[in-house]
> 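My questions all concern the structure below.
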Amino acid sequence: MNKNKNKWLSLLCDYGLLVVLILIILIVSLLSKEFMTVDNMTNILRQSAVIGIMAIGVTVVILAGHIDLSIGSTVSLAGVIVMSFVNNYKMDWTGMILAILAGGLVGLVNGLIIAVINGRTCDSFIITFGMQTAVAAVALIYSGGKYMSGTGGGVHSLLGKGYLPIFFFLFFAVVLFLVMRYTPFGRTVYFMGANTKAAKMSGVNIKFYTTMLFVIAGVMASTASVILSSRVNAASPTSGKGYELDAIAAVVVGGTSLTGGKGGIFKTVLGVVIIGVLGNALNVMNVTTYPQMIIRGFIIIIAVVLDVSGNKLKNSGVN
Amino acid sequence: GGTDQTNSGADTQKTDEGNAQAQDKQGDTEQLNIFFATAFMTVPYAAPMNTAMEEYAKENNINLQMVDGEGDSQKQLDQIKNAVTQGVDGIIYWPADAASTIPVVNYLAECGVPYVVLNSKVDASVQDKVPAYVGLDYEMAGGISGDLALDYLKDGGNVVVVEGVMGTEAQIGYLKGFEDKIAQNDKIKVLAKQSAEWDTAKAMKIMEDYITTFGEEIDLVYSEDDGMYQGIAAALSDAGLSDKIKCVCNGQLQFVLDQIESGVLLGASSQDPSVEGRTGIEVMHKVIMGEEVPEWTKIDCRLITPDNVNEFNGW
Amino acid sequence: MESYALEMIDIVKNFPGVKALDNVTLKVKKGEVHAIIGENGAGKSTLMKVLNGVYQADSGSIRIEGQEVKIGNINTAKSLGISFVFQEINLVPTLSVVENFYLGELLKNKFHMIDWHTMTRNVKEALEKINFTLDPKRRVLELTVAEKQMIEIARAVSRNAKIIVMDEPTSSLSENEVEKLFAIIRTLREQGITIIYISHKLDEIFEICDAATVIRDGKTIETRRVKDYTEDLMIEQMVGRSVTMEFPQRTSKPGEVIFSAADICRKNKIYHVDLELRRGEVLGLAGLVGAGRTELCETIIGAEKMEAGEIRIFGKKTKISNTRQAKHNSIGMVTEERKETGLALDFSVKQNIVITNLPKVAWKGIWLNAGKEDRAAGEYIEELNIKTPGMNQKTMFLSGGNQQKVVIAKWLFSDVDILILDEPTRGIDVGAKFEIYQLINKLAEQGKAILMISSEMNEIIGMSDRIIVMHNGHKKGELEKDMISAENVMRLAVDTEEE
Amino acid sequence: MTRTKEIRGFLTKNMVVILLLLMMLFMTVMNRNFLTLSNLTNIFIEMSTYGTITMAMTIAIICGEFDLSAGATYALCSVFFLKNLDTMGIFPAILVTVLIGAAVGFVNGFLVARLDIPAFVATLGSMTYVRGIALFYTDGQPVSNANQAIYQWGNGSFLGIPNLVLTFLLFVAITECFLRFTKSGREIYAVGGSRKIAELAGINAKKSKLLIFVILGIAAGIAGVMISCRMASGSAALLGLNTSMSAISAVVVGGTSLSGGSGSAVRSLIGLLVISVLFNALTLLGIGAYYQQLIRGLVVIIIVAIDVYMSLNKKD
Ligand SMILES: Nc1ncnc2c1ncn2[C@@H]1O[C@H](COP(=O)(O)OP(=O)(O)OP(=O)(O)O)[C@@H](O)[C@H]1O
Ligand SMILES: Nc1ncnc2c1ncn2[C@@H]1O[C@H](COP(=O)(O)OP(=O)(O)OP(=O)(O)O)[C@@H](O)[C@H]1O
Ligand SMILES: [Mg+2]
Ligand SMILES: [Mg+2]
């Protein structure tokens, strides 16, 4: 009996968010008939794809206990790179590859700095903040500060169309989910997050792993940027401003702990969808901008309060 | 007031004579120092503006220094104070928001360095201290778009609005001008207004959600600027509604011109950042040279239609 | 009727799934040194945490000098005149010695501001009183473990407490400092102060304690005067069975040299150390605390930067610049602080065991296989006799000894040939110790080469085939089997001449 | 041997101060306008508002926490003050404004201290909702107030020192004394150094955590009043967008680690000066905005990287 109760409790704590999501969807469907349509559901997923791809990338970093604040600027930089190639030279592939590589490079620099100075997890916060400023500047310098509209027509302009953003989001989510859950690499990242020193003494090459994690986050961010610029058919050197906080908010709402070692890609996908559904629901119900901000702020807090107290309950309840 | 003068991209040459005079006056050796305190240097709109200013400065042997106020009015005040300390000949001031201009204008009036306000007006309480303002009449621009809407929706219809950052002079003016016009036809109804904060991606999301909520009930979208229109256009074309739901907007981004030309976009009110920048520094130059300038030099704003689209330079 | 300084009667404390204390009764007479002994996880620390208000007992009562008291938090305990030296070091690393001394009860002057002057003076005096010199303004993070432990002791003593609880105070002290501690304890006893002394080192109990209470599985077994105890009886009561031989015999003979290090240097820490390690042998690394043994081993496995030196493994010159390379070259190290550097406490026993060699439980080395993981973990849990409710239990809920076994299991699983064990039995009860000794022998017999650091003289003498003694980062000498004796080791360890 | 070691130790310990002096020396040589009273005063005036928040942030970082919502609170307090100044009267308005700041801080503190929510998340959430409230309250419009009394105070000076700078310096002094000489201050160090150990020593860590967030809220409130007095206006949309991160970087550049347990108000003041002098210098040297931003980012990275590298690897 007691054992059963514990099992339910632990299930509820693990999937409580799913329940919350379903509840939100039910309530909003009752309030608005436009909400619960296939079109709108795909609409939500499509809107969430960009932040979603960034969020799953940064989840990997967060699982290891670090954080990456530079991904927003990476979006800006990759956006202007791909757009400049698409527009000026009609070289979609080159542009996309270079943009994604640029994201990887930003991640590499982040990772190398943190690895070389043996940065603790709190140091990544300020180092990547410095990177955020610097990379945003690079995007401005590269683009001359200019807005770039796409002329369309090439491969690049197709990526953001139809179901493709959703496909990319789910594809990367599934791949990273499998990597994090079923490969030695993923397990090692979790171990690093749970106890970095122990991981080091167990023969994990911390410097290598740290670098790799930031590269993953950077590549995911620039990939998101390629899709974003295709979707809106434009890029500006400030287009990713503030996106890092949206992505991180999605990660924590999903229930991945910022201290590392706990959480996962699936949770992040849930977090992304919850935030997406909420934003859409508020728009569909015609709630104006400022009340929306207030509600969004509280949602982040409430989700994490529920998650943290759920975990406490679980930890005291597990045998 | 009555001294308004209009300046447009087409006729910038006519002031070249004035420039020549100014150069004579200052001689070849002495360089003028002009300081440009921008509200936001990193927004895309600022880039062509800066370029145009720099070009003018080069042509006229002016040393132009530009700083980024990052939207922080206090920072702007300090930057301007620093500039005065350095001893510049003139200051071009693009205020972050109207209300915060009071101490800046007070300070500028006191220290005696000639200055010009650019792009956004100052607070009404200090308006009379400002010697020269260069900027668009946003209300008029909104009105131009409003006229277009009025024309398109003769039989009435539903409008949705995508707004810029709330509280900025542009947002207030663009909205008022537009709403005043469409109020003339009481069969036109505004279904919803949301702010996308001048951001393309946000505008796209809002448009998608409008489509979800209202679907083909929408007859017309009003986008307060051209960058946001880009996102709206993407959303409409994704939904296959480009033909059914039409748009009007303000601004002359190259994309907007292309869309007008191809008939997707009904039309737009023009706003050229290069002209704005060039006019700004030109007026500043005149003020330094002691020439008469109007209180408000209005930046040319006309309706762009498929017929006249070739007259405009996109940015 | 005798007067008791402290009575804890029928204390019960349940943790979810664990009955940590099951009607424990402890009666301590005034002015005596009272030992509490028991296996790892017996509940000693938990009992003391109930006394100090960190945990609330589920039932039972506490009396101090006959008065029934309720201890809701640590401040109540303090005001009742009880002070503690905890099992773990409890000093804030970023703060100075002075501040740590007065942590939570800083002195204020008449302006209600912190009185740094008086505090510094007092701390100096308190340290002098226990014959320990140290600049009280130094930050704790610059100090060695032993220095920190001495500060904790000085702090507890200086509080004018009626009862002082010491939970394994000597686990990181050298003989010299242990002597100092014992001198202090004797003085305190003369002053009528009651001391509760928890230790796994039975010889210390016989040397310093008047009475002892044995706890097993959260229950009180017996309290006796120490003079009425024999070591065997104590051990029997602790483990619930009789343990006869302290150091099990090894049958194998050392084979060929598989690891050699020459001229190892690390900046300001290690100077020109040579060592050789043979297949099937246990090489002891002895020295006082802070002699640089841990540092040497960390340098060998690439966790710290090696300045100069050459390492040969199986005769081949090998460069090791990080711990991954060490593992790939068949070297593993069981670290001395299992909670800090050995385990991810949030991970399950299973996950901790397989972490060193994930490809081994993965399909083609890239896809983790749950079945293989379970089998591997199950095997080691059984082989090492790890007491856990299941392989999916989080390691944070295991007792110290069992945690240690998990760390060893982890390295056995990685199939390394060269195993460094840093204080493998620190803070572990006799029963578990014996099992670990047997395990070490088994590994040696399987042909592994073992380098064992230990600060316990008996252990290092009893287990080693050869002993290297270090002092201040230098290798002071090497003792072959026939030369091994406590005197020889001690002589080299304390030797301060030349260098 | 020990001599060089000592020198090295001195250099690493005072890296930022030396950097500051070098920068000032360089600028004095390069630009005649740098070392003028008015320029230096300007540097201090600009620093004074977000510097006040930086002092509170120092306390928070010593305690091992930080606050992303300070900028939003700053904006909320500014617009509230300006809107209610006329109806409430100056001093009641100041009091209520600071209380609002404290209330926001209290909510943050409650989330972090009582509910164990990581500060990053709690303050990320409040950053969003507090700005939402500020925007909602003003309908997004900038607010101005023509009250001459506050305007004169905000732009006036006492003995040649601007009132805002005096207020700020007072705040620095109070922070330093609080941290050094009061029990609550020392407890904050202990909790930041190790929460568990501090609690074992009978320190109420939850109280400390709550306190630091309330202090942060109060500081944001005071800064909001200060900026309102200086600018006679405020904007819920634009004010304090970068304030929190600027404050955190100033503290870290001053040499205080985000891991908590050490740091001081004076160090943060030096950090603030380094950043402000750098900004000032870049502008005086006529470096373009984009490159300025690049340099700023790189400087934060380099200073922090060196600092961390030295402190984590200085064992020898
Ligand atoms: N917070 C806790 N939650 C769950 N179980 C706990 C907790 N603290 C201790 N235990 C369990 O209670 C039992 C007693 O632990 P305790 O630390 O008191 O042992 P000990 O006698 O001090 O052992 P050692 O000699 O290893 O220090 C152990 O089984 C331990 O796993
Ligand atoms: N003479 C000394 N004076 C002060 N500190 C020293 C001295 N010798 C070594 N230390 C320091 O003591 C610490 C402990 O060194 P190390 O861990 O290598 O010693 P150990 O022999 O392994 O002892 P332990 O029994 O603690 O494991 C190191 O930080 C080292 O720098
Ligand atoms: Mg214990
Ligand atoms: Mg050691």
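Just so it is clear, the values below take in all heavy atoms, side chains as well, and ignore hydrogens, waters and symmetry mates. Chain letters run A, B, ... following the sequence lines, proteins first and then strands; every chain starts at 1.
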> Counting only non-hydrogen atoms closer than 4.5 Å, does C:Leu343 touch chain A with its backbone (N, CA, C, O), its side chain (CB onward), both, or neither?
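Just its backbone gets close to chain A.
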> According to the interplanar angle, ranging from 0 to 90°, do the rings of C:Trp367 and A:Tyr182 count as parallel (below 30°), tilted (30 to 60°) or perpendicular (above 60°)?
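Correct class here is parallel.
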> How long is the span from the CD1 atom in C:Ile301 to the NZ atom in A:Lys200, to the nearest 0.5 Å?
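It comes to 8.5 Å.
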> Should we count NZ of C:Lys360 as having more than 12 external heavy atoms under 6.0 Å?
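It does: C:Lys360 NZ has more than 12 such atoms within range.
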> At a 4.5 Å cut-off on heavy atoms, which part of C:Trp411 comes close to chain A: side chain, backbone, both, or neither?
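Side chain only.
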> Counting heavy-atom pairs under 4.5 Å to chain A, which of C:Ile355, C:Asn369, C:Thr356, C:Asn392 comes out on top?
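Looking at each option in turn, the highest pair count goes to C:Ile355.
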> Quick check on the interface: out of C:Lys327, C:Met333, C:Lys339, C:His328, who has the most heavy-atom pairs with chain A under 4.5 Å?
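Of the candidates given, the most pairs with chain A belong to C:Lys327.
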> If you measure from NZ on C:Lys410 to CE on A:Met201, what distance do you get to the nearest 0.5 Å?
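With rounding to 0.5 Å, NZ (C:Lys410) is 9.0 Å from CE (A:Met201).
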> Let me confirm one number: the OG1-CD1 distance from A:Thr183 to C:Ile366, rounded to the nearest 0.5 Å.
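Between A:Thr183 OG1 and C:Ile366 CD1, I get 8.5 Å after rounding to 0.5 Å.
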> Are any side-chain N or O atoms of A:Asn195 and backbone N or O atoms of C:Glu340, one a donor and one an acceptor, separated by less than 3.5 Å?
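Such a contact is found between A:Asn195 side chain and C:Glu340 backbone.
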> Measuring heavy-atom distances to chain A, does C:Glu337 have an atom under 4.5 Å in its side chain, in its backbone, in both, or in neither?
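Contact with chain A is absent: no heavy atom of C:Glu337 under 4.5 Å.
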> Enter the distance from A:Leu178:CG to C:Leu368:CG here, rounded to the nearest 0.5 Å.
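It is 11.5 Å, given to the nearest 0.5 Å.
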> For C:Val407, is it the side chain, the backbone, both, or neither that has a heavy atom closer than 4.5 Å to a heavy atom of chain A?
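Answer is neither: C:Val407 stays 4.5 Å or more from chain A.
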> For A:Phe185, is it the side chain, the backbone, both or neither that has a heavy atom under 4.5 Å from a heavy atom of chain C?
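Neither part, no heavy atoms under 4.5 Å.
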> Just verifying a value: how many Å separate C:Gln351 CD and A:Phe191 CZ, rounded to the nearest 0.5 Å?
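So the CD of C:Gln351 and the CZ of A:Phe191 are separated by 9.0 Å.
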> Under a 4.5 Å cut-off applied to non-hydrogen side-chain atoms, are C:Leu358 and A:Thr188 in contact?
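Yes, their side chains come closer than 4.5 Å.
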> What closest approach, in Å, do C:Phe347 and A:Ala194 show between heavy atoms, and which atom pair accounts for it?
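C:Phe347 and A:Ala194 have their closest heavy atoms at CE1-CB, 3.6 Å.
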> Ignoring hydrogens, what is the shortest heavy-atom contact between A:Pro184 and C:Pro359? Give both atom names and the distance.
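For A:Pro184 and C:Pro359, the tightest heavy-atom pair comes out as CG-N, 4.4 Å.
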> Kindly compute the distance separating OH (A:Tyr190) from CG (C:Asp346), expressed to the nearest 0.5 Å.
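Reported value, rounded in 0.5 Å steps: 12.5 Å.
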> Given heavy-atom pairs under 4.5 angstrom as the criterion, report whether the side chain, backbone, both or neither of C:Ala303 touches chain A.
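Looking at C:Ala303, backbone and side chain both touch chain A.
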> May I ask you to check whether over 12 heavy atoms, not counting those of C:Lys372, lie within 6.0 Å of atom NZ?
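Buried by this count: over 12 neighbours within 6.0 Å.
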> Are the side chains of C:Arg324 and A:Tyr209 in touch, meaning some heavy atoms are under 4.5 Å apart?
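Sidechains of A:Tyr209 and C:Arg324: no contact.
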